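All values reported here derive from a predicted model rather than from experimental measurement.
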Amino acid sequence: MNILGKKDFKENIVENINNAILFVKRHANLQYKIEKLQREEIPYIPDVALREAIINAICLISLKNLLYLSSF
């Protein structure tokens, strides 16, 4: 397992999602495709997949917390 780093976000849910996406993008690898004069950056994780993974993780954490609290 590779750990990219740690960052706590304490804003509203929308800002936290956006900040998490920026955090992962800053630390994830990029691939460069050079066919013309300019290079094209290809992210290791596509933007749509990254956003979906982060939102799913937040939903799963929220659901676990809700289930834990309802067990009392």
Worksheet item: When hydrophobic residues are tied together by side-chain contacts of less than 4.5 Å, even through go-betweens, does L22 share a cluster with I55?
Response: no

Worksheet, complete the sentence: Distance col, row N19:CG vs K7:NZ, nearest 0.5 angstrom, shows 8.0 Å

Item to complete: Mark yes when over 12 heavy atoms from residues, nucleotides or ligands other than E15 sit less than 6.0 Å from its CD; otherwise mark no.
Response: yes

Worksheet entry | Heavy-atom pair of closest approach, residues D47 and K25 | OD1-CE, 3.0 Å

Worksheet item: Taking atom CZ of F9 as the centre, does the number of heavy atoms from other residues, nucleotides or ligands within less than 6.0 Å exceed 12?
Response: yes

Item to complete: To the nearest 0.5 angstrom, please state how far the CD atom of E40 sits from the CD atom of Q31.
Response: 9.0 Å

Worksheet item: Can you get from V14 to I21 by hopping between Ile, Leu, Val, Met, Phe, Trp and Tyr side chains that sit under 4.5 Å apart?
Response: yes

Response to the item:
Apart from Y32 itself, members of its ILVMFWY cluster (side-chain separation under 4.5 Å) are L30

Discussion item. Is there a path of hydrophobic side-chain contacts, each under 4.5 Å between heavy atoms, that joins I45 and I42?
Written reply: no

Practice prompt. Calculate, to the nearest 0.5 Å, the distance between atoms CD1 and CZ belonging to I17 and R51 respectively.
Written response: 6.0 Å

Response to the item:
Taken in chain and number order and not counting sequence neighbours, the residues that satisfy salt bridge (charged side-chain N to carboxylate O under 4.0 Å, His left out) with K33 are E35

Worksheet item: Who else is in I61's hydrophobic cluster (ILVMFWY, side-chain heavy atoms under 4.5 Å, direct or via others)?
Response: none

